[in-house]
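Both backbone and side-chain heavy atoms feed into the values below; hydrogens, waters and symmetry mates do not.
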Amino acid sequence: MSAAVPPKSESFYGAAATRIPRFMIFLSLLFTGAAWLRFGGRTAMGLACGCTIAYLNFHWLEQAIARLAERVTSTGHAPSTRSVLGRFLLRYLLMALGGYAIFSLSPGSLYGLLAGLFLPVAGIACEAVYELYVALARGV
Amino acid sequence: MRSTLSYIFMTMAVLCFAIPALAQGGETSHAVNWVAIAAGFSMAIASAICGLGQGKATAAAMEGLARNPAARPGIQLGLIIGLAFIESLALYTLVIIFVKVK
């Protein structure tokens with residue numbers, strides 16, 4: 001009896017979790033460059049800082065959910081609830097610290113930071129457009 | 001016991017509103033910054049409802065995972081995207097507050 005091979009579409013949609021962070025990195029570089037040209041260095045630095053915080057936030061969210069799922073399904077090494085919750089709350093602390101640092105050091109780049117925090121939404125939107133394109137073009 | 005507690009909290013709520021109502025007006029009163037108050041309330045409401053939404057989404061996803069562990073990749077991805085979107089809603093409120101209050 002052969003092992004069940006996942007269908008093509010299932011593997012394609014399952015890879016979305018790896019594609020979204022790549023889209024986020026690409027978009028952060030693109031937006032930072034565009035902000036540097038349009039608004040100057042301070043705003044671009046704020047945007048880069050916001051993008052970094054948003055990327056780390058998304059990465060730790062992914063990790064926290066994976067650990068939570070491991071704990072629920074009892075597969076692999078089940079982490080302690082304290083470490084899962086700690087990482088989940090650490091994300092908010094990092095965002096608050098980044099916002100405070102930008103606000104106290106360079107208030108002019110605060111709007112760049114706030115714009116950078118929306119990077120996951122832009123990454124997910126890009127993934128949605130890509131999936132739509134693949135669904136229409138290749139019929140996956 | 002529960003009804004007594006509810007009466008106590010209701011009385012405290014009425015007392016909170018009674019103090020400004022009986023305060024001296026006229027030349028000593030200052031203009032109230034309603035934008036800042038509204039901003040605080042809107043952030044609190046947005047955070048509370050986003051927190052409730054995240055809690056409900058996580059609970060439903062974990063329940064689904066416990067019932068059907070084989071569906072883990074799909075549920076996990078949906079939960080990540082859902083939580084990211086719910087968090088962004090609170091960020092939208094924060095941005096609007098920054099734009100309006102500044």
Side-chain angles (χ1 to χ4, degrees), chain A residues 4 6 9-11 13-21 24 50 53-55 57-76 84-85 88 91-92 95-96 99 102-103 107-108 110-125 127-128 131, chain B residues 33-102:
Chain A
S9 59
E10 198 173 326
S11 63
Y13 292 115
T18 55
R19 277 196 302 268
I20 291 171
M24 286 168 64
I53 292 172
Y55 183 82
N57 183 29
F58 189 79
H59 181 66
W60 284 344
L61 176 73
E62 257 186 318
Q63 276 189 344
I65 289 171
R67 283 168 182 234
L68 209 60
E70 266 172 24
R71 191 163 176 80
V72 169
T73 54
S74 305
T75 54
V84 171
L85 279 176
F88 203 81
R91 300 176 310 118
Y92 296 116
M95 283 172 74
I102 287 280
F103 195 70
L110 187 69
Y111 287 110
L113 176 88
L114 289 174
L117 291 178
F118 290 105
L119 187 69
V121 177
I124 292 166
E127 170 64 23
E131 283 185 6
Chain B
N33 188 3
W34 288 109
V35 176
I37 294 170
F41 270 105
S42 47
M43 194 65 232
I45 291 167
S47 304
I49 293 175
C50 285
L52 275 175
Q54 284 195 332
K56 276 189 83 91
T58 310
M62 291 306 126
E63 196 180 323
L65 271 176
R67 284 174 191 269
N68 186 9
R72 182 179 159 178
I75 292 174
Q76 205 170 305
L77 179 67
L79 181 62
I80 290 166
I81 291 173
L83 290 184
F85 273 127
I86 293 169
E87 275 186 9
S88 70
L89 289 178
L91 282 174
Y92 285 135
T93 314
L94 185 70
V95 169
I96 290 168
I97 285 168
F98 262 106
V99 170
K100 292 301 286 182
V101 171
K102 261 197 148 185

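If you measure heavy-atom distances from B:Glu63 to chain A, you find no contacts under 4.5 Å at all. Heavy atoms closer than 4.5 Å to chain A are found in the side chain of B:Leu77, but not in its backbone. Using a 4.5 Å cut-off between heavy atoms, A:Ala64 makes no contact with chain B at all. If you measure heavy-atom distances from B:Leu94 to chain A, the contacts under 4.5 Å come from the side chain alone. With a 4.5 angstrom heavy-atom cutoff, A:Ile124 touches chain B only via side-chain atoms.
Rounding to the nearest 0.5 angstrom, the gap separating the CZ atom in B:Arg72 from the CD1 atom in A:Ile65 is 11.0 Å. The distance from atom CG of A:Leu61 to atom CD of B:Gln54, rounded to the nearest 0.5 Å, is 8.0 Å. Atom-to-atom distance recorded for A:Ile20:CD1 and B:Ile80:CD1 is 8.0 Å, nearest 0.5 angstrom. We find the CE-OG1 distance between B:Met62 and A:Thr73 to be 9.0 Å, quoted to the nearest 0.5 Å. Atom CG of B:Leu83 and atom CZ of A:Phe58 lie 10.0 Å apart (nearest 0.5 Å). Annotation: the span from B:Leu65 atom CG to A:Glu70 atom CD amounts to 11.0 Å, rounded to 0.5 Å.
Of all heavy-atom pairs between A:Tyr111 and B:Phe98, the closest is OH-O, 4.1 Å. Shortest non-hydrogen contact noted between B:Ser88 and A:Val121 is CB-CG2, 3.4 Å.
Contact count versus chain B (heavy atoms, under 4.5 Å) is highest, among A:Gly14, A:Ala16, A:Pro120, A:Ala66, for A:Ala66.
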Evaluate side chain to side chain contact (heavy atoms under 4.5 Å, CB included) for A:Asn57 paired with B:Glu87, printing each intermediate quantity in order. CA-CA 10 Å; A:Asn57 183 29; B:Glu87 275 186 9; 3.3 Å; yes
